[in-house]
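Along the sequence shown, the residues carry numbers beginning at 1.
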Amino acid sequence: MDGQSAEFSISPSLPQCPDYCNMLYFNPIAGGNNVTHFIYDLYFYIDDPSAPQALEFDLNQTFGGQRWTWGSECNFRADAHWDIWNGAPNTGWEATNIPCVPTMFQANAWNHLIWDVQRVGNNMQYNTLTLNGTVYPLNTTYHNQQDWTLEEIDTAFQMDLNATGQPYHVWLDKVNLTAY
């Protein structure tokens with residue numbers, strides 16, 4: 001897109017992926033507890049939208065022994081929806097009413113993703129997902145995760161290999177986190 005994109009790939013031929021697996025990449029940005037509202041804005045390019053099990057885009061804020069994880073994944077194969085992370089004990093991924101199927105993304109084209117989320121006390125709130133100009137309201141709140149030791153704000157991207165091990169590539173560009 002701007003000549004400075006980062007390329008990511010996954011394949012069962014990688015030593016760490018003998019069969020079904022995922023690859024997580026994260027970027028620790030800063031620390032602190034004085035920001036509560038986040039806009040996670042990025043572009044991604046995928047060579048084969050029919051290949052992934054899921055693509056995951058996350059934002060984490062941790063301090064004071066607590067963790068707020070705004071996790072999201074386009075879960076192409078399990079439920080064909082955007083799933084969001086519920087960090088409360090004994091929970092995990094929960095499906096939204098927002099569809100996510102391979103045909104929503106053109107192969108070899110840039111897609112624009114924006115998450116608007118915020119921390120409200122001990123809760124994490126998902127406000128909206130904007131995908132290629134379409135805004136999907138969520139207005140969903142979950143309790144945060146307790147007993148966490150790390151202190152930072154980070155963004156993350158994860159690629160999940162499907163059960164047949166179909167390799168694929170993703171490029172990220174113009175990744176921006178606004179916090180206030």
Side-chain angles (χ1 to χ4, degrees), residues 8 10 16-17 19-42 44 49 52-102 104-105 111 113-131 134-163 170 172 175 177-180:
F8 304 90
I10 191 166
Q16 60 271 47
C17 290
D19 43 33
Y20 180 83
C21 76
N22 57 50
M23 301 288 282
L24 173 67
Y25 305 90
F26 74 98
N27 182 26
I29 299 168
N33 60 2
N34 61 337
V35 293
T36 59
H37 198 151
F38 302 91
I39 307 295
Y40 184 22
D41 185 343
L42 61 92
F44 70 96
Q53 174 72 28
L55 292 177
E56 185 174 332
F57 303 90
D58 303 331
L59 167 65
N60 298 284
Q61 182 180 31
T62 57
F63 64 86
Q66 298 182 75
R67 181 183 189 196
W68 293 262
T69 299
W70 294 275
S72 70
E73 70 175 7
C74 175
N75 195 340
F76 293 107
R77 301 197 183 264
D79 62 19
H81 283 84
W82 280 92
D83 294 344
I84 55 177
W85 184 254
N86 182 346
N90 302 316
T91 56
W93 291 111
E94 296 191 7
T96 68
N97 62 354
I98 304 168
C100 196
V101 294
M104 292 178 74
F105 309 107
N111 297 279
L113 175 82
I114 304 170
W115 273 105
D116 179 334
V117 298
Q118 66 189 69
R119 174 174 52 88
V120 181
N122 286 341
N123 294 316
M124 48 193 191
Q125 182 170 314
Y126 296 85
N127 297 325
T128 60
L129 165 65
T130 303
L131 183 61
T134 302
V135 178
Y136 299 94
L138 281 101
N139 300 317
T140 301
T141 302
Y142 297 125
H143 195 69
N144 72 343
Q145 182 180 350
Q146 302 294 312
D147 302 320
W148 194 259
T149 58
L150 195 61
E151 302 258 340
E152 72 179 18
I153 296 171
D154 67 64
T155 58
F157 168 66
Q158 179 172 306
M159 304 170 73
D160 292 357
L161 197 64
N162 69 26
V170 174
L172 299 183
V175 178
L177 178 65
T178 303
Y180 50 96

Tell me the closest heavy-atom pair linking Phe57 and Leu113, and the distance in Å. CG-CD2, 3.5 Å
So does Phe26 have more than 12 non-hydrogen atoms from other groups sitting under 6.0 Å from CZ? no
More than 12 non-hydrogen atoms from neighbouring residues, nucleotides or ligands closer than 6.0 Å to CG on Asp147, yes or no? no
For Gln53 and Asn75, what are the C-alpha separation, side-chain angles and deciding distance, and is it a side-chain contact (heavy atoms from CB on, under 4.5 Å)? CA-CA 6 Å; Gln53 174 72 28; Asn75 195 340; 4.0 Å; yes
Give a yes or no on whether the ring-centroid distance for Phe44 and Phe157 is below 6.0 angstrom. no
Report the C-alpha separation of Gln66 and Asn122 in whole Å, then their side-chain angles, then the decisive distance to 0.1 Å, and conclude whether the side-chain contact (heavy atoms from CB on, under 4.5 Å) test is met. CA-CA 8 Å; Gln66 298 182 75; Asn122 286 341; 2.9 Å; yes
Going by heavy atoms in the side chains, are Tyr40 and Val175 under 4.5 Å from each other? yes
Run the numbers on Asn27 and Asp154 for side-chain contact (heavy atoms from CB on, under 4.5 Å), then give the verdict. CA-CA 5 Å; Asn27 182 26; Asp154 67 64; 5.8 Å; no
Using modelled atom types only, decide if a donor and an acceptor are shared between the side chain of Thr69 and the backbone of Asn60 within a distance under 3.5 Å. no
Check whether any side-chain N or O of Arg67 sits under 3.5 Å from a backbone N or O of Leu150 as a donor-acceptor pair, and report yes or no. no
Between Asn111 and Met104, which heavy-atom pair has the shortest distance, and what is it? OD1-O, 4.4 Å
Go through the side-chain N and O atoms of His37 and Asp116 and say whether any donor and acceptor fall under 3.5 Å apart. yes
Start with the C-alpha gap between Leu42 and Thr155, add the side-chain angles, then the distance that decides, and say whether side-chain contact (heavy atoms from CB on, under 4.5 Å) holds. CA-CA 11 Å; Leu42 61 92; Thr155 58; over 6 Å; no
On a heavy-atom basis, the closest approach of Ala80 and Val101 is CB-CG1, 3.8 Å
Gln158 and Asp160: side chain donor to acceptor below 3.5 Å: yes
Classify the ring geometry of Tyr126 against Tyr142: parallel below 30°, tilted from 30° to 60°, perpendicular beyond 60°. perpendicular
Would you please indicate if the ring centroids of Tyr25 and Phe8 are separated by under 6.0 Å? yes
Gln61 side chain to Val35 main-chain N or O, any donor-acceptor pair under 3.5 Å? yes
With a 3.5 Å distance limit and no angle check, can you tell me whether Gln146 reaches the backbone of Gly65 through a side-chain donor-acceptor pair? no
Any donor-acceptor pair under 3.5 Å linking the side chain of Thr91 with the backbone of Asn86? yes
When the ring planes of Trp82 and Trp115 are compared, do they come out parallel, tilted or perpendicular, using 30° and 60° as the limits? perpendicular
Between Trp85 and Trp93 (judged by ring centroids, cut-off 6.0 Å), do the two rings come close enough to count as a pair? yes
